[in-house]
Undergrad: 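One structure coming up, written as structure tokens, with questions to follow.
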Amino acid sequence: MPASITPSLTVRVLLFASYADALGAESVSLTLPSPATLATVVEHLRALPGGEQLPAKPLCARNLAHAAADEPVAAGDEIAILPPLAGG
Amino acid sequence: MPASITPSLTVRVLLFASYADALGAESVSLTLPSPATLATVVEHLRALPGGEQLPAKPLCARNLAHAAADEPVAAGDEIAILPPLAGG
Amino acid sequence: MGFVTAEPIELAPLIAAVQAPERGGVASFLGLVRNHHGGRAVLRLEYSAYAPMAEAECARIVAEAEGRWQVSVALRHRVGSLAVGDVAVAAAAASAHREAAFAACRYVIEEVKRRVPIWKREFHADGTEVWVDPTATLQHA
Amino acid sequence: MGFVTAEPIELAPLIAAVQAPERGGVASFLGLVRNHHGGRAVLRLEYSAYAPMAEAECARIVAEAEGRWQVSVALRHRVGSLAVGDVAVAAAAASAHREAAFAACRYVIEEVKRRVPIWKREFHADGTEVWVDPTATLQHA
């Protein structure tokens, strides 16, 4: 494999409530260097227009479960970044 | 007042559930020496036929409230002797 | 309406009685007749009360709960013949804070069991019947 | 049926779903839309959810409660537009023991608030609106 090609990974990220408002979208597609973690996803999201309104360490979910920022992400994962929960 | 006459007090005592069964009555009228306490009431009740089935220190109520055995009783009081409570 | 009733108890009217626009949490409890007790199959229960004292004691318990927490409380206890599954007692407590609602509801139920002069006669599947005595722990083994 | 619903929530069917002849105690909780929040008059709320995760998280919470206590648990959370007094969340826990019923009901409600991905937009009487952020404690002063 030629050394000049960095492996990359495309993931779809779901956004909700105030974060969807901030980025003006309910989902975004991100191309990340591989390997990547949820922290990488957040970092790339925060570089998008409006993304600076997201905190550095938001709640994250992967495949319908809460997930820590250092969890790796893989192609096909359902990733979501969650504003402060307000159920109940 | 002649020394030979002991002051006395007549009270009506309500009985419930297993205690009513034991004494075969839902209320009894007792003539007690005066002054008397709820303990006196219990003592006299236990001397009646069937009264030996009552414990020496049952729950007592006076005028619709729980009352300790050493509370005095007066004519006109509503006295009740309560089997173990089983509400709920 | 009194706290002690011979009519079937519904929870919804109790909740409706305590809820208000500023009270966002309603905790409630239903005590139902179970089909077993002390290892025996129960067919039905007969609840009886020292009615005027039971009313007074329930009123005191509700007042205590409403004094101790910022809650509104509703309480009913049934008397008469109850079948398995029937509601024997119901309590509801509404508050702006769910902690207070839970605490008050729990307090009311515990105090009802501890203080309200109500008794029950248990009719068993084997034809026997007995006055229930919660203090006789051996029979509950 | 799912845990998250756009239909009005009734408590009675939840209680009916958990009660059984051997379970004599049913603790339940209703969370209602309040008419105020953070010092402002609230007209209505719009609840939204990350629905598939909310379903999965509710199922996990119910399974945890049923694993930790001897209880049967029912849970519903509403989404969509709610008016003051509407039921936002309801939980019921039935057990042979009232302590377990209360503990499980309380656990479920606390965990729902802590873990289920649901958000609410608050519409105020003064025409303003805001996403509710329970972590922004200053606004709740």
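This structure is a prediction, so every number in the text was calculated from the model and none was measured. The sequence lines fix the lettering, A, B, ..., with proteins before strands; numbering per chain opens at 1.
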Undergrad: Counting heavy atoms not belonging to B:E26, are there more than 12 under 6.0 Å from its CD?
TA: no
Undergrad: Examine whether an atom of B:L59 lies under 4.5 Å from a heavy atom of chain C, and if so say whether it belongs to the side chain, the backbone or both; otherwise answer neither.
TA: neither
Undergrad: Closer than 4.0 angstrom, basic N to acidic O: yes or no for C:E46 and C:R44?
TA: yes
Undergrad: Pick one of side chain, backbone, both or neither for C:Y50, based on which atoms fall under 4.5 Å of a heavy atom in chain B.
TA: both
Undergrad: By a 4.5 Å heavy-atom criterion (distance strictly below it), what part of B:N63 contacts chain C: side chain, backbone, both, or neither?
TA: neither
Undergrad: For the atom pair OG (C:S48) and CD1 (C:I118), what is the distance rounded to the nearest 0.5 Å?
TA: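 Between C:S48 OG and C:I118 CD1, I get 8.5 Å after rounding to 0.5 Å.
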Undergrad: Does C:R106 come within less than 4.0 Å of C:E110, counting only side-chain N to carboxylate O?
TA: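 Salt bridge: yes.
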Undergrad: For residues 86-94 of chain C, give me every residue with a non-hydrogen atom less than 4.5 Å from any non-hydrogen atom of chain B.
TA: C:A88, C:V89
Undergrad: Backbone N or O of B:L38 within a donor-acceptor pair of the B:E71 side chain at under 3.5 Å?
TA: no
Undergrad: Short question: side chain of B:K57, backbone of B:V42 - any donor-acceptor pair under 3.5 Å?
TA: no
Undergrad: Heavy-atom pairs under 4.5 Å with chain B are the metric here; pick the option from C:G31, C:P52, C:A49 that has the most.
TA: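 Between C:G31, C:P52, C:A49, the count favours C:P52.
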Undergrad: Would you tell me whether C:R76 and C:T5 have side-chain atoms, one donor and one acceptor, within less than 3.5 Å of each other?
TA: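 The criterion, which ignores hydrogens and geometry beyond distance, is not satisfied for C:T5 and C:R76.
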Undergrad: Okay, side chain of C:E64, backbone of C:V62: is any donor-acceptor separation there less than 3.5 Å?
TA: no
Undergrad: With a 4.5 angstrom heavy-atom cut-off, could you sort out which part of C:R121 is near chain B: side chain, backbone, both or neither?
TA: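 The answer is the side chain of C:R121.
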